[in-house]
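What follows is one structure encoded as structure tokens, with my remarks underneath.
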Amino acid sequence: MANIRLENVSKRFGRVTALQSVNLEIHHGEFFCVLGPPGAGKTTLLRLIVGLEKPDEGTIYIDGDPVNDVHPRDRDIAMIFQNLALYPDKTVFDNIAFPLRERKMAAEEIRARVAQVARMLHIEHLLERKPGKLSGGERQRVAIARALVRTPRAYLMDEPLANLDALLRLEMRIELKRLQEQLNETLVYVTSDQVEAMSMADRIAVLYKGVVQQCDTPDNVYNLPANRRVATIVGSPPMNFLTCQVQRMDGQLHLVHSGFGFQVVGSDHPLWDCLCRALPAVREVLVGVRPEDIRLYPERPTEVIAFPARVAVSEPLGAETIVDVQLGRDIIKVITPPTQYFAEKQEVWVAFDMAKVHVMDAQTGERIYTTGAPEQLQCILPGTCA
Amino acid sequence: MDSNVAIPAVQEEQVKPAARLRRRRFLDMSDVRFFTISLTAPAQYVLLFIIMFPLLAEVYISLTAWTPTRGGDWTQAYRFWDWGRNYVEVFRDLAFWQALGRTFLIAGVAVSLEFLLGLGIAFLFLDEFPGKRVFYALMLVPMMIVPAVAGYVFWLFFQSNGPLNAIISLLIGQPFTLTWLANDVTAMIAVIVAEVWEWTPLMFLIMLSGLVGLPEDQMRAATMLGATFWQKFRYLMLPMLKPIIIIALVIRGMEAVKIFDMVYLMTQGGPAQATETISIYMYKIAFQQVRWSYAAAAAMTILVIMTILASYALRPLQAPQREVA
Amino acid sequence: MASVRLENLRKEFGSVVAVKELNLHFPDKKFAAILGPSGCGKTTTMNMIAGLETPTRGSIYFDDRRMNDVPPGKRDVGFVFQNYAIFTHMTVAENIGFGLKIRGVDEATIRREVGQIAELLELTDMLNVNAGRLSVNDMQKVALGRSMIVKPRIFLLDEPFSNLDAAFRAYMRGELKRIQREIGQTMIYVTHDQVEAMSMADNIAVMDFGVLQQFGTPDEIYNQPVNLFVANFIGSPNMNFIPCYFRSEDGKGYLVQKRGNARILLDDRRRQLLEQHPGNQDLIWGARPEHLTLHSEPSRSEYLRATVRFLEPLGPKTVVHLELGDQDTIKVIAHPSYREKAGTVQWIEINPKYLHVFDAKTGFAIR
Amino acid sequence: MTRRPTWQIVLRYALVLIVVGLFTFPTYWMVTMAFKPKVEWSTAHGTIYWVPQNPTLENFETVLTEYRGKFFRANQSSALPSIRSSIIVSIGGTLFALLIGTLAAYGLSRFSVDTGDLPWYIALGRLALLILVLLPFMVLWAWLGIIRYWYGILSFTLLGIGADQLIGRLLALYYRGPTGSLAFSILQLRMFPPMAIVIPVMIMWSAFKLIDTWYGLVAVYGVVTFPFVVWLMKSFFDEIPRELDEAAIVDGASNWGAFFKVVLPLAKGGLASTALFVFILNWSDFLIALLLTTRDWPTIPVFLNSLVSSEIGAQHGPKAALGLLAVIPPVVFGILIQRYLVRGLTFGAIKR
């Protein structure tokens, strides 16, 4: 039952800045994911919330109370560590009972609650065993049980599925999601796996180098990434970026790539405004297109405008095939259905889904604009622009 | 997960409420800083009391001409204050410097031999072979034998009618009766043999753990690339063992310089001063000649010399502390 | 350049059988992968090919030469270890040149060859960096380079990407495939990641418990799995499996769900096949999530009725988990904008072309 | 791997046998000597006995019973008091070292960033500065005559801690980096020849009337072996994932609770090994006991020494018997903890 708020929180370790002015509000009952590559400061964020580290600047509030100076045990927040931190010398029962014993609960009550939690997580038969004798998935459940048993105000999880194999991870992912829906408690989940974040979270905070890049719903993070980092972190394979020159000619605005280009249609368009305002400074932009928003044609298509390109490598994955295509000077990755076959070095035609094109500042990587409809930005063929 | 089972919320009366957030007060026992200090405080206090206090007393006494025989408590030593004449004397004392040199000689020779033997024996024990555990345990016994007892055993060993001479007699076929401990050179050899015997097992253990700890895949990678054993030894094992070798040499060197028990029980520093190490020298000054303030000055001089040496020696030890092993 | 042939290869560690009577032929100049969960004997197989382990029984042939008694250093095999086994006390250049150095090649030649390899792997800038300081990603490249420089006949790679971060792994997948095409060497690649095997290999050998399950092209492995294990192991999200039995009515064959009443009409070929199958009352049908389509109306009679339980939006697609009958869960990949609420009734269309039927007892596919 | 040729196996066995034989022989000689009757002790009669011809327990009896006028001088009694003394003092010293060392090790393992990183010149400078600052006070306290009394010692020690802290803070102003010197000074402690430290300790102990008492010896043993405890236990604590204590704290334990309920039980094995290891060190000591005991509490090595110096060459058998008795505990314990011997003797720098 908690609402966690971080205000301008910074944390440094020696000369290394782990977190830089983080502002976050995690609402009650929310499945909140913190997504970022290793070393982004995700774990530090959790440790700050739970109280194992103190922020150098800023304040952390739990339910409106500042907790910077509150000892971790008085914060009543459960944390599941990446290595699970099960006590290896204690039985599963004693592991789960530990938080209750620390709260001086009666032995009867402890037994009843542990039994209940064990039943809920299907680990009743393991209670007398030591953690070393359990499988990865079972250990995972014990760690969750230890957190659940004391009904804390919030749950923090640090890459809890990172050490499981692929199939088990899939299974645990679904269980976790359902568990959270059932508990309806605040859950902060740290992961470096974008699939986990996308599939489970109500909201995602994308963290990179200690800075929150974007904090939004999975849909928005995926479809309207705030900057180049977010677009790279979310989505697999990551978004393709094409470096384009911004050129203004004859009242026309062109984004020119090595070998092809885009034309901004209509001067009443917001993108036009954005680019024109920034034009003297911004000479280059990145045009970002996700691999699934690109189509490949073996022949020149007539219905859409397509650019000639060459296949470098194709990687069949069964359900889909990822094709690396040499387009101008860039190599872009394209997801194609497995029914389409492209040989290496084959000439192909590339067409973009113009409704899902992102334009980003080449210097800062910040998103300038995302097209919502194909009319806003149109492809033009090489030769038609300078 | 079973959706039919729900956990009831913890009732307030069942459990002491942890929800009430406590702020830190002055000297809060739960503050991490306070905890850290209280963990190391006993150690720091004891260090200060049993190391710093005597050290200061030593400096104090070394600046006077006090000895127990001159009467008075050591605290009254200021009555014999003589502004460090003892130190001048230490610098002029040939016996002191000779003892120091002898100590380094013994340590140097013994530690080098221990290292070479230890490395060689470690290679013998690298692979599995039947009976390895027994031989291994037997190999370790010398380092666990009380040095004083070892001193006595080697004293027995090197007697003119002892087993060593008996063995040599058997080998050369005629009676051999060298009194090892009565001759300058042979007494030194005896002391070094005893030291090597006692501590080669440690070197062997260190080298073995180093060899065992060598990353197997790197050795295999070299094998796959076609390297012979000597190439692997030269290009991979030695460079990779380097930090461990340095640590082993430094630590053994440190300990060997302190040598006292064994030498004292074997030769008492004799014949004459032939095997007198720095520890025995100081023992004699303090307890046979009862010149305490002079002994204190000598001890301070040694402390300074050792500290400087130690600081250099410890440097390789400080850095690889976490990387090795 | 050589082909690798394993004949009745067996390896026991004490009483544990790591590899059981393995027969495989990896063709020359091709990229082959050995795929399986941890402990399936794939690394042991690899070590036996390299000569780091001696087989208990059976033979290893490179082309037509029996290699069992040839010491590992003489097999002319390049080996990239899972943890890279970089010589951390040497520079990158010394690492890459090590194989030549111990062969007594002169300094100038070594420097030239190292330069070429570094160019190919984009390591030129860090040749003088101490190898212990490299990032995992670069270590991996150095390990590749160190094996490549001696131009081995066969390249063995033991899960070389398992320690890399996801983005670099995806990048290296393409790179390695490109390098293999460029140098044209036989590569055998061990992995537990089906994506890596599928995307890079020309041939895949799937192993489990020391037994070869299936050997074929990625396409065969994916679309014609021979048994439940292969079908389940390949593909993410994994294949749906629904226990069922065979029923024949009015000359038509159906697969009827055991925990529910979903029925699938079979084509004639399948019907005849299953009629003659002795265990036809204990079957499992399987279909990959991407081969199922959701409809909101039962416009065709053979659609299966299911209820939405929850969604996993993944960005480019949404995985819909539905309940089929009483207890069976079925996953369907839907359009990214799919946002039906839990409890909604949906109708699943199954493409009969992609329907797999397995014998529940033996696990084998019935085709 | 391919199998080794036979000649290599034979050669290796031969070498192992030779080496182990050489290293075992002195021990063997002592063991047999302990069981030999007097006629077999020496080669004075022209023959040497490699194996006891008539094994006897007479030597043990001699050394363990009161003086019977047979071998020893009148003022010497049996070895039993020295055995008792060795046991009490070694165990006491071990417990003392464990008590202060384990806490410090945990502190260094979990909360310190400075272990071993402090440049040696800073550590040395700090030490020298401390001595310079404190020396005048010591002379003053001596002149005042209060250093002999408990309040004098207490006030001086408090002053010392204050000065130590002050110097640490001052250094921290100019030297940005790790400033704690505990870890380093502990290690450095082992560098000094004990002879150089023991003389002033002896002076101090005689002032405090601690010479020839078991508690006086226990205190010194505790301090001398305490660095081993710190480094050994620190290496054990380092192996316990930090997340375990943190999980305990998050689960509601206090800092002390996490240490006692989670970390210490996990380090049980390490603690036991450390205890045995430190016991061996204390048991083996000769020098400190030689200087700090006289009549009442001589340990076995000191007693042995008094036998050697009394009638040289006469009683090999009883001395070997006592030596054998003295050697049994360390050898037994040593074999038990052989895995950790290396770690202990190299201050945790090399793990096994």
Side-chain angles (χ1 to χ4, degrees), chain A residues 13-16 43 46-53 70-91 94-105 110 130-132 142-160, chain D residues 102 106-119 122 171-180 183 233 235-275 340:
Chain A
F13 296 105
R15 292 193 196 92
V16 185
T43 303
L46 281 199
R47 293 170 62 85
L48 282 168
I49 296 175
V50 84
L52 292 168
E53 307 279 359
V70 177
H71 192 271
R73 71 174 150 152
D74 299 323
R75 295 193 187 189
D76 197 22
I77 291 178
M79 175 156 171
I80 295 176
F81 292 81
Q82 181 168 15
N83 62 5
L84 304 183
L86 298 178
Y87 312 126
D89 57 328
K90 296 181 166 60
T91 62
D94 290 336
N95 262 285
I96 302 176
F98 187 85
L100 303 180
R101 292 202 174 126
E102 285 304 317
R103 284 171 173 68
K104 310 271 185 297
M105 196 182 264
I110 290 179
K130 296 265 174 81
V142 175
I144 295 173
R146 192 173 67 186
L148 280 182
V149 76
R150 63 185 168 113
T151 51
R153 307 201 297 177
Y155 299 87
L156 309 183
M157 298 191 182
D158 187 3
E159 307 210 28
Chain D
T102 307
Y106 184 62
L108 288 178
S109 164
R110 290 297 194 266
F111 300 103
S112 172
V113 285
D114 70 11
T115 44
D117 288 341
L118 190 67
I122 298 281
L171 273 176
L173 283 183
Y174 293 99
Y175 169 71
R176 293 248 158 243
T179 46
M233 282 316 290
S235 80
F236 285 118
F237 287 141
D238 285 347
E239 277 169 21
I240 297 173
R242 189 178 282 237
E243 282 83 359
L244 287 187
D245 342 2
E246 291 175 346
I249 288 171
V250 171
D251 279 347
S254 64
N255 291 326
W256 287 106
F259 176 56
F260 282 114
K261 287 176 200 162
V262 173
V263 178
L264 212 51
L266 281 175
K268 266 194 312 227
L271 196 65
S273 320
T274 309
Y340 303 112

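Per chain, numbering begins at 1; letters A, B, ... match sequence-line order.
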Quick one: list whatever passes side-chain contact (heavy atoms from CB on, under 4.5 Å) with Ser273(D), sequence neighbours left out.
-> Ile337(D), Tyr340(D)

Where on Ile77(A) is there a heavy atom nearer than 4.5 Å to chain D: the side chain, the backbone, both, or neither?
-> backbone

Using atom types as modelled and no hydrogens or angles, find all donor-acceptor pairs between chain D and chain A shorter than 3.5 Å.
unit_1, atom_1, unit_2, atom_2, d
Glu243(D), OE1, Asn83(A), ND2, 3.3
Glu246(D), OE1, Arg47(A), NH1, 2.6
Glu246(D), OE2, Arg47(A), NH1, 3.1
Glu246(D), OE2, Arg47(A), NH2, 2.6
Ala248(D), N, Tyr87(A), OH, 3.2
Val250(D), O, Arg150(A), NH2, 3.1
Asp251(D), O, Arg103(A), NH1, 2.9
Asp251(D), OD2, Tyr87(A), OH, 3.2
Asp251(D), OD2, Arg146(A), NE, 3.4
Lys261(D), O, Lys90(A), NZ, 2.9
Lys261(D), NZ, Glu102(A), OE1, 3.2
Lys261(D), NZ, Glu102(A), OE2, 2.7

For the student: nearest non-hydrogen atoms of Leu244(D) and Leu86(A), plus distance = CD2-O, 3.2 Å

Contact origin within Pro241(D) toward chain A - heavy atom pairs under 4.5 Å | side chain

